[in-house]
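Order of the sequence lines fixes the chain letters, A, B, ..., with proteins taken first and strands second; residue numbering starts at 1 for each chain.
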Amino acid sequence: MTRIFALVDCNNFYVSCERVFDPKLKDVPVVVLSNNDGCVIARSNEAKALGIRMGAPAFKCKDLFERHGVRVFSSNYSLYGDMSARVMNCLGSLVPDMKIYSIDEAFLLLNNFSESPETFARRIRQTVLRWAGIPVSIGIGPTKTLAKIANRFAKKHPEHGGVLDLTNNPDKASYLKQTPTEDIWGIGGKHSLFLRSYNIRNALDFSRQARDWVKSKMTVTGLQTLLEIQGIPCLSLEDSFVPNKTIISSRSFGGCVGSLDQLKEALACYVSRAAEKLRWQRALCTCIMVFIHTNRFRKDHPQHSCARQLRLLHSTDYTPLLIRNAHDILEKIYRPGHEYKKAGVMLSGIEPRLERQLTFFTPPKIRRIKERKLMEAMDRINSRWGRGTLKPAAMGTVKKRKMQRNLLSPRYTTSWHELPVVRAGWHGQARIPAARSIDALMPVEMS
DNA sequence: TCTGGGGTCCTAGGACCC
DNA sequence: TCTGGGGTCCTAGGACCC
């Protein structure tokens, strides 16, 4: 049976989240910055029109921001994560087969509905807008890659009303022709330049290339993209609960860190966070990698970047053990006399807890139970009272590494103290209602 | 002065094993 | 002069995605 894939993509997601609660942001240029207010990672259409590039360093755009009155925000992941959950819950209530692809995207299967895929997609679009307050675009096609291409047109060209179906579309060739190779999902800058040298400039040109040639030049992943564009599905919807194969936790520092002790504290925080994610997916890891970098933009400073991996004696999710191992690695790779800008940890060799491979060094059951109870208690307390309520002492007690987040909006939906106020009335200063519709303020279940 | 964080998959080469 | 065949695992790097 031919499958019908739909890709639902939230428009300028982070900006849209800010706009739900602040109507003054409508029709004005808005951007959201990465951690430490470093780079531009989301732009409203008005900001895009000003020529602000994705990933542009914020300090280089400062003048432009001021000149055009661009509203600038630090990233507010509490808000975006919660809004994403609302959108996804909404989609999940409308279709049975769905795969969340990223914080702002999900693939759906649109087979077996009484309405036409396009009509149904328009209904999905309206529902998400009403329930979550977030505008989305929906592309439809016989493969995921074609659905992606359709989505691009649905988003860019308002005349489609936010939905485009490329399945059996008589104008498919024309749409492919209007899709530059670098805009094809799976073809990035390098391959796009390479294709250009062969005068392959758009998806239609690419779709006409020989399979053997594409495979030899772009490996099997390139071949997969070719077949998908030709309408032959290579990518399935997949299970939504496939565990990650690696878990990374890392940060750039607001300033620079030179001392081993400070790096150890930072690393303990990252390990602790990664181990939490590991336990969350009920898994254990067998490998741990630590990396540190100096600031690669400071050519005038001595540079050092190093990563080293260690295979653990037995699989684990026990934070103290992971911190100990991370510190051992750090001591081996650390070089005094350098100002480090970033550090991180990666856990890999991940196996489900229930399928644990015992080794000669696996601790006896009684100790494992003790460790499990300790971690469960810590996770429970932190989930009830907030992250970091209970933490390993190795993380330090004083917050020294401060992240730059000077332009943060309130956590409208996840903090009691920061809820939007409709009208202050009898108890003080007025905060104007923020939501586009009252539904946007309600948890999805209530709408 | 200031340049994010978290993932996936593929390939090649070296060390090592029998 | 001639020097096998078939594996695994690890590391490093590249390319891509959001």
Report yes or no: do A:Asp82 and A:Thr414 form a side-chain donor-acceptor pair below 3.5 Å? no
Under 3.5 Å, is there a donor-acceptor pair linking the side chains of A:Tyr80 and A:Glu18?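 The criterion, which ignores hydrogens and geometry beyond distance, is satisfied for A:Glu18 and A:Tyr80.
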Expressed in angstrom and rounded to an integer, what is the separation of [X] atom [atom1] from [N] atom [atom2]?
X	N	atom1	atom2	answer
A:Asp300	B:dT1	CG	C1'	12 Å
A:Arg405	B:dG5	CZ	C1'	13 Å
A:Phe297	B:dG4	CZ	C1'	10 Å
A:Leu33	B:dG4	CG	C1'	10 Å
A:Lys299	B:dC2	NZ	P	14 Å
A:Phe253	B:dG5	CZ	C1'	14 Å
A:Asn295	B:dT3	CG	C1'	8 Å
A:Tyr270	B:dG7	OH	C1'	18 Å

Does the ring of A:Tyr101 lie flat against the base of C:dC18, closer than 5.5 Å centre to centre with planes under 30°?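 Aromatic stack with C:dC18 absent for A:Tyr101.
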Positions of [range] (non-hydrogen atom under 4.0 Å from DNA chain C), listed by number:
range	value
residues 308-323 of chain A	A:Gln309, A:Arg311
residues 35-69 of chain A	none
residues 184-215 of chain A	A:Ile184, A:Trp185, A:Gly186, A:Ile187, A:Gly188, A:Gly189, A:Lys190, A:His191

When the ring planes of A:Phe153 and A:His157 are compared, do they come out parallel, tilted or perpendicular, using 30° and 60° as the limits?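 A:Phe153 vs A:His157 ring planes: parallel.
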Pick one: which of A:Arg372, A:Arg279, A:Arg384 meets salt bridge (Lys or Arg N to Asp or Glu O under 4.0 Å) with A:Asp379? A:Arg279
If you take the centroid of each ring, where Trp contributes its six-membered ring, are A:Phe5 and A:Trp185 closer together than 6.0 Å?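 No, they do not, as the ring centres are separated by 6.0 Å or more.
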Under the 6.0 Å and 45° cation-pi test, does A:Lys144 pair with A:Phe107?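 Yes.
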Whether A:Lys341 contacts B:dC2 is assessed here as follows: a side-chain N or O lying under 4.0 Å from the phosphate OP1 or OP2. Is that the case? no
Under 4.0 Å, counting only non-hydrogen atoms across every strand here, what does A:Ser249 touch: a base, just sugar-phosphate, or nothing?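 Sugar-phosphate contact only.
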Any Lys/Arg nitrogen of A:Lys148 or A:Glu105 sitting under 4.0 Å from an Asp/Glu carboxylate oxygen of the other?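 Yes.
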Regarding A:Arg324 and A:Asp328, does a basic nitrogen lie under 4.0 Å from an acidic carboxylate oxygen? no
Sidechain-backbone polar pair: [X] side chain, [Y] backbone, donor-acceptor under 3.5 Å:
X	Y	answer
A:Thr143	A:Pro233	no
A:Ser84	A:Ile103	yes
A:Asn151	A:Val8	no
A:Ser34	A:Cys39	yes
A:Gln178	A:Ser174	yes

To the nearest 0.5 angstrom, please state how far the CD atom of A:Gln230 sits from the CG atom of A:Leu176.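 If I round to the nearest 0.5 Å, the distance is 10.5 Å.
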I need the A:Asn35 CG to A:Arg405 CZ distance, nearest 0.5 Å.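 Here the rounded value is 7.0 Å.
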Do nucleotides 8-17 of chain B as a string where each nucleotide becomes B, S or -: B if the base has a protein heavy atom under 4.0 Å, S if just the sugar-phosphate does, - if no protein is that close. SSSS------
Given the rule that a pair is Watson-Crick or G-U wobble with both distances under 3.5 Å, how would you write DNA chain B in dot-bracket, using | for pairs to a different strand? ....||||||||||||||
Can you tell me which residue among A:Lys62, A:Lys60, A:His68 is in a side chain to side chain contact (heavy atoms under 4.5 Å, CB included) with A:Leu64?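 Only one option passes, and that is A:His68.
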Nearest-Å distance once atom C1' is located in both B:dG4 and C:dC17: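 That atom pair is separated by 15 Å.
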Tell me, which pairs form a side-chain hydrogen bond (donor to acceptor under 3.5 Å, both in side chains) where one or both residues lie in residues 242-251 of chain A, sequence neighbours left out?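 Counting only pairs at least two positions apart or across chains, no side-chain hydrogen bond (donor to acceptor under 3.5 Å, both in side chains) contact touches residues 242-251 of chain A.
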